[in-house]
Amino acid sequence: MNIEKFEMLYEGKAKKIFKYNDEEVIIYFKDDVTAFNGIKKDSISGKGKINKKITTFFFELVEKEGIPTQFVKDLDENSFIAKKVEIIPLEVIVRNYTAGSFCKRYGVEKGIKLENPIVEFSLKDDSLGDPMICENVILSLNLVEKDVLEKLKEYALKINEILSKFLTEKNIILVDYKLEFGKYNDKILLADEISPDTCRFWDKDTMDSLDKDVYREEKGDLIDKYTEFLRRIDI
Ligand code: C5P
């Protein structure tokens, strides 16, 4: 598929969005990888198609369990067709274990299982470094209405149950992840991606990362680990 014949609407750090028709877009997964808000970047051949495959699989999995997503159908190795949503400018982060910025912020050790899953929000704004934002500020700035905010939390926690159950059976810990949502007519749909770029996955026995921390912390070959994750989830 020659994707370049479609009109590009947007280019992000790891994906490009093309117009498919008035209602639908093509989401194309690039091989580019970035960390620390774009300070570290590379192109790693084969990453895009792995992340597209994993995202498609997880979107279909959660959709089957009642979470509406923007996924419509597969297009090719690197892309799928999706409903054209208006992205809500919030990153919804769910944490089951301590890691990453949570450890830095609160001065806690990595790898502690949290008593309850935590849902956090960040303002989606690269120029500000996606700052954490609390629910009061979200509502006071009118970024979303209260019922939408409640829906985001409900979906994020339901997705947590679905993914954690699935991954536990594969001996993988779902440490934390980031979700994005979009508005489509009056509905809230899960959007963007669920992949090793946006989640932390640890092997349950060794606590080794099967995600982008391998790249962030330079502790192995990204394609090897992403392929290992694919093999483990058996898709
Ligand atoms: O960096 P932090 O620990 O807050 O990240 C929590 C989770 O959200 C990680 O799985 C990370 O990959 C994901 N994340 C993301 N995009 C961001 C920020 C975090 O995918 N802009």
Side-chain angles (χ1 to χ4, degrees), residues 10-15 17 27 29-30 32-42 44 47-48 50-52 54-55 58-59 62 69-70 87-114 116-134 138 143 152-153 155-157 159-160 162-164 166-167 172-182 190-204 207-220 222 225-226 229 233:
Y10 173 79
E11 178 162 12
K13 288 185 288 235
K15 291 184 296 299
I17 311 291
I27 303 187
F29 287 71
K30 304 195 291 183
D32 296 355
V33 56
T34 64
F36 314 117
N37 200 18
I39 292 169
K40 181 172 158 81
K41 55 182 164 202
D42 284 284
I44 301 184
K47 192 204 69 146
I50 298 177
N51 279 358
K52 179 252 151 182
I54 295 171
T55 295
F58 281 141
F59 274 31
V62 301
T69 76
Q70 74 171 151
I87 289 285
I88 294 172
L90 293 172
E91 297 190 333
V92 184
I93 292 167
V94 181
R95 300 181 190 274
N96 295 305
Y97 284 72
T98 59
S101 70
F102 188 90
C103 293
K104 281 209 194 89
R105 189 175 313 120
Y106 301 114
V108 291
E109 217 179 290
K110 171 178 159 181
I112 301 166
K113 188 175 192 318
L114 295 159
N116 292 298
I118 295 172
V119 182
E120 286 174 2
F121 296 93
S122 293
L123 181 66
K124 221 175 115 59
D125 186 330
D126 280 342
S127 67
L128 298 175
D130 300 331
M132 199 172 161
I133 186 165
C134 74
I138 293 173
L143 296 178
L152 298 182
K153 286 192 283 182
Y155 283 169
L157 288 172
I159 292 167
N160 198 39
I162 300 164
L163 299 188
S164 295
F166 174 82
L167 291 167
I172 292 169
I173 296 175
L174 178 61
V175 176
D176 58 26
Y177 54 93
K178 184 257 319 184
L179 301 172
E180 293 188 24
F181 292 89
L190 175 66
D192 196 51
E193 67 179 292
I194 301 181
S195 76
D197 271 14
T198 59
C199 304
R200 286 193 174 93
F201 302 121
W202 292 346
D203 177 286
K204 194 157 185 264
M207 303 298 248
D208 282 348
S209 298
L210 299 169
D211 57 60
K212 200 163 90 173
D213 273 351
V214 170
Y215 173 77
R216 291 188 188 100
E217 297 170 17
E218 300 185 0
K219 54 184 185 182
L222 179 140
K225 299 294 176 183
Y226 283 29
F229 181 76
I233 65 170

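All ligand and atom numbering here is 1-based and tracks the order in the structure. In this text, all values refer to a predicted model and were calculated from it rather than measured experimentally.
A cation-pi arrangement is present between Lys40 and Tyr215 under the rule of less than 6.0 angstrom and at most 45 degrees off the ring axis.
Screening residues 119-129 for salt bridge (Lys or Arg N to Asp or Glu O under 4.0 Å), with sequence neighbours left out, gives Lys13-Asp126, Arg95-Glu120, Arg105-Glu120, Lys124-Glu180.
Atom CD of Glu109 sits in a sparse spot, with 12 or fewer heavy atoms from other residues, nucleotides or ligands closer than 6.0 Å. Within a 6.0 Å sphere centred on NZ of Lys204, other residues, nucleotides and ligands contribute 12 heavy atoms or fewer.
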**OP:** Please test Val94 against Tyr177 for side-chain contact (heavy atoms from CB on, under 4.5 Å), starting from the C-alpha separation and ending with a verdict.
**Re:** CA-CA 6 Å; Val94 181; Tyr177 54 93; 3.4 Å; yes
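Minimum heavy-atom separation, Ile54 to Ser195: CG2-CA, 4.2 Å.
In summary, the atoms of ligand 1 found under 4.0 Å from a heavy atom of Gly100, numbered by their order in the structure, are 3 (O). Of all atoms in ligand 1, numbered sequentially from 1 with element shown, those under 4.0 Å from a heavy atom of Asp130 are 21 (N). Listed by atom number, the atoms of ligand 1 under 4.0 Å from Arg95 heavy atoms are 2 (P), 3 (O), 4 (O), 6 (C). Interface atoms of ligand 1 facing Arg200, defined by a heavy-atom separation under 4.0 Å, are 2 (P), 3 (O), 5 (O), 6 (C), 9 (C), 10 (O). Each of the following atoms of ligand 1 lies closer than 4.0 Å to a heavy atom of Thr198: 10 (O), 12 (O), 13 (C), 20 (O). Proximity to Tyr177 (heavy-atom distance under 4.0 Å) selects the following atoms of ligand 1: 8 (O), 10 (O). Residue-ligand proximity, Lys178 to ligand 1, at heavy-atom distances under 4.0 Å covers atoms 8 (O), 13 (C), 14 (N), 15 (C), 16 (N), 20 (O).
Considering only non-hydrogen protein atoms, atom 17 (C) of ligand 1 sits nearest to Glu91 OE1, 3.5 Å. Nearest protein heavy-atom contact of atom 4 (O) of ligand 1 is Ser101 OG, 2.5 Å.
With Phe181 as reference, Ile88 is the one residue of Ile87, Leu90, Ile88 to meet the side chain to side chain contact (heavy atoms under 4.5 Å, CB included) rule.
The residues Arg200 and Asp211 are annotated as not salt-bridged, no charged nitrogen and carboxylate oxygen being separated by less than 4.0 angstrom. Asp208 has no carboxylate O lying under 4.0 Å from a charged side-chain N of Lys225, or vice versa, which leaves the two without a salt bridge.
Ranked by closest heavy atom to atom 7 (C) of ligand 1, the top entry among Asp192, Thr34, Ile194, Asp176 is Asp176.
Residue contacts with ligand 1, taken as heavy atom pairs separated by less than 4.0 Å, involve Asp197 solely via the backbone atoms N, CA, C and O.
At a 4.0 Å cut-off, not a single heavy atom of Asp211 sits close enough to ligand 1 to count as contact. Put simply, no part of Glu120 is less than 4.0 Å from ligand 1, judged by heavy atoms. Ligand 1 is never approached by Lys212 to a heavy-atom distance shorter than 4.0 Å. A heavy-atom separation below 4.0 Å is found between Arg216 and ligand 1.
Between Phe58 and Phe201, the ring-plane angle classifies as tilted under the 30° and 60° cut-offs.
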